[in-house]
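Computed from a predicted structure; not experimentally measured. As a basis for the values below, the full set of heavy atoms in this structure was taken, side chains included, without hydrogen atoms, waters or symmetry mates.
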Amino acid sequence: MTRVFPLIGRIRRRLAEAARRHNFSQALTRMSGHDGFVVPQEAVLAIVLVRDGAYYLDAFFDYYRALGITHFAFIDNGSTDDTLGRLAQEKGVVVDQARLPLAQYEDLLRAHPAQTYGQNRWCLYVDMDEQFDFEGRETYGLPALLRYLEARGDTALMAQMLEMFPDVPLRQTQELTFEAALEAFRFYDLRCIKSHLYHSAAIGFSALLRDNRVPEGAMFKFGGVRKRVFGEDCCLTKHPLVFNGSQVTPAPHPHLSSGVQVSDVQAVIRHYKFAGNVMARDDASAISGDLAHGEDTARLVVLRAQPDATLYSDAAQSWAGLGPLYAAGFLAPSDAYRAFLAEEGA
């Protein structure tokens with residue numbers, strides 16, 4: 001009899017998962033850009049989950065097209081601004097939409113573009129408020145990085161997320177355009193960061209990391225300035241760049257893919273979460289109830305109680321490239337990659 005209950009539980013979970021995937025397929029709508037949208041073998045597909053992203057669009061495309069990205073797959077989660085109309089006018093952009101709660105469907109939302117448009121392609125998972133950066137970007141570019149990864153058989157790149165902020169209270173910057181915020185948000189803070197070995201059981205989603213192969217000593221990082229100011233124990237580590245081959249499960253969690261060989265190279269993601277009117281965005285998110293972790297509500301408590309809340313302090317450092325991040329141990333350097341770049345420039 002005791003064996004019956006686990007079996008019933010497994011059957012119920014499988015039925016619930018089948019129902020969840022059916023709901024997703026029923027909610028999925030093709031919006032724009034599908035005619036002739038094919039990602040070339042040598043191209044990188046940028047995958048972007050978006051809702052009301054018009055504020056970011058111009059600077060977002062400027063940065064990633066300068067990086068060499070020509071193909072973008074957006075999965076829209078119910079935009080009410082002019083995001084969809086503007087994306088429909090962009091070259092090399094395909095847009096699908098599913099109006100479903102992120103708390104229950106984020107993995108399916110993020111996996112869909114990779115499985116639909118990015119099979120056996122490099123996929124770069126980025127959010128609208130993120131800038132992906134790496135050693136050699138300005139001199140050698142993304143193609144050199146990909147050559148290094150492919151030569152080693154790597155199928156994923158680890159990145160650490162760096163929260164960027166201004167040296168004034170956040171309310172003083174809420175009217176800035178995103179382009180202006182990128183200039184004003186030039187500070188970061190490396191305090192209050194907690195690190196765990198990549199396969200540590202202390203990581204809440206460690207089961208999803210179990211089959212990933214990583215360099216010795218690889219770390220997942222948590223906390224940072226948002227921990228210090230808002231009490232958020234947010235995850236700072238991501239796998240933004242992934243080759244979506246047959247053994248890979250793309251994006252079962254917002255920060256990672258499974259079944260990958262993680263490279264010894266590390267990138268940084270400059271994160272501009274607090275650009276624009278963060279209170280209005282968190283208000284909308286809290287009201288919708290879409291997010292399960294409640295971080296938006298926690299931020300609202302602080303921002304409402306402290307109108308002059310700031311992430312800046314005397315310990316803040318001004319952005320000066322990746323060098324200080326290596327020196328502080330925030331990023332782990334790769335001697336092999338540096339030797340490779342030296343050969344590229346020879």
Side-chain angles (χ1 to χ4, degrees), residues 13 16-31 46-57 60 72-81 83-84 87 94-118 123-130 161 163 203-205 207-208 222 226 230-240 242 249-258 269 271-301 303:
R13 287 192 294 272
E17 178 61 13
R20 189 176 75 101
R21 291 180 178 274
H22 175 74
N23 291 342
F24 177 78
S25 65
Q26 292 297 107
L28 192 64
T29 304
R30 290 158 58 100
M31 302 301 293
I47 296 176
V48 192
L49 174 60
V50 64
R51 180 195 290 174
D52 293 337
Y55 171 75
Y56 307 97
L57 279 178
F60 175 86
F72 299 80
F74 284 79
I75 180 73
D76 184 83
N77 190 225
S79 290
T80 58
D81 62 3
T83 294
L84 294 173
L87 288 178
V94 67
V95 185
D96 293 324
Q97 184 184 72
R99 295 172 176 265
L100 292 167
L102 285 180
Q104 288 81 45
Y105 292 93
E106 186 168 4
D107 60 327
L108 299 182
L109 285 160
R110 291 188 181 273
H112 167 75
Q115 301 294 50
T116 306
Y117 311 108
C123 297
L124 179 63
Y125 277 95
V126 289
D127 290 338
M128 300 292 291
D129 57 2
E130 295 178 347
M161 192 161 61
E163 198 67 58
I203 298 174
F205 44 84
L208 297 174
F222 296 83
R226 285 163 60 183
F230 301 109
E232 300 178 55
D233 196 21
C234 45
C235 180
L236 304 179
T237 305
K238 287 189 172 185
H239 298 153
V242 177
T249 301
H253 182 281
H255 284 247
L256 62 95
S257 292
S258 298
I269 296 171
H271 191 208
Y272 297 88
K273 185 175 186 65
F274 296 93
N277 193 335
V278 64
M279 281 193 67
R281 290 199 301 269
D282 283 347
D283 261 325
S285 180
I287 290 170
S288 73
D290 275 354
L291 300 179
H293 49 61
E295 290 176 353
D296 44 7
T297 303
R299 284 192 299 270
L300 281 171
V301 170
L303 292 171

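Under a 3.5 Å cut-off, the side chain of R299 and the backbone N or O of F230 do not form any donor-acceptor pair. Between the side chain of Y117 and the backbone N or O of A73, no donor-acceptor pair lies under 3.5 Å. For D52 (side chain) and T83 (main-chain N/O), no donor-acceptor pair under 3.5 Å exists by modelled atom type. The closest donor-acceptor contact from the side chain of D96 to the backbone of D76 lies at 3.5 Å or more, if one exists at all.
Considering every non-hydrogen atom in both Q104 and R20, the closest pair reads O-NH1, 2.7 Å. What you find for A98 and F24 is that their closest heavy atoms are CB-CE1, 4.0 Å. The two residues L49 and N77 have their closest heavy-atom pair at CD1-CB, 4.3 Å.
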Verdict with supporting geometry, H112 and Y105, side-chain contact (heavy atoms from CB on, under 4.5 Å)
CA-CA 11 Å; H112 167 75; Y105 292 93; over 6 Å; no

May I have the step-by-step check of side-chain contact (heavy atoms from CB on, under 4.5 Å) for V94 and T116, ending in yes or no?
CA-CA 11 Å; V94 67; T116 306; over 6 Å; no

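Note that the CG atom of L102 and the CZ atom of R51 stand 5.5 Å from one another [nearest 0.5 Å]. With rounding to the nearest 0.5 Å, the separation of OG1 in T249 from CD in Q115 is 7.5 Å. Put simply, CG on L236 and CD1 on I269 are 10.0 Å apart, with the number rounded to the nearest 0.5 Å. Here the straight-line distance linking atom CD1 of I203 with atom CG of L256 works out to 9.5 Å at 0.5 Å rounding. Once rounded to the nearest 0.5 Å, the distance linking NE2 of H255 with CG of L208 reads 12.5 Å. Interatomic distance, CZ of F222 versus CE of M161, reported as 10.5 Å (0.5 Å rounding).
Listed by chain and number, the residues in a salt bridge (Lys or Arg N to Asp or Glu O under 4.0 Å) with E163 are R226 (sequence neighbours excluded). In this view, Y125 satisfies the ring-ring contact (aromatic ring centres under 6.0 Å, His included) rule with no residue, not counting sequence neighbours.
Salt bridge present: D127 and R110 bring a charged side-chain N and a carboxylate O closer than 4.0 Å. Using a 4.0 Å cut-off between charged side-chain N and carboxylate O, R21 and E17 make a salt bridge.
When each of L84, L109, V50, L28 is paired with Q97, the side-chain contact (heavy atoms from CB on, under 4.5 Å) condition holds for L84 and for no other. If you run side-chain contact (heavy atoms from CB on, under 4.5 Å) between I47 and each of P240, P250, C123, only C123 comes through.
Contact of the V126 side chain with the F60 side chain is registered, since non-hydrogen atoms from C-beta on lie closer than 4.5 Å.
Classified by interplanar angle (parallel below 30°, tilted 30° to 60°, perpendicular above 60°), the ring pair H253/F205 is tilted.
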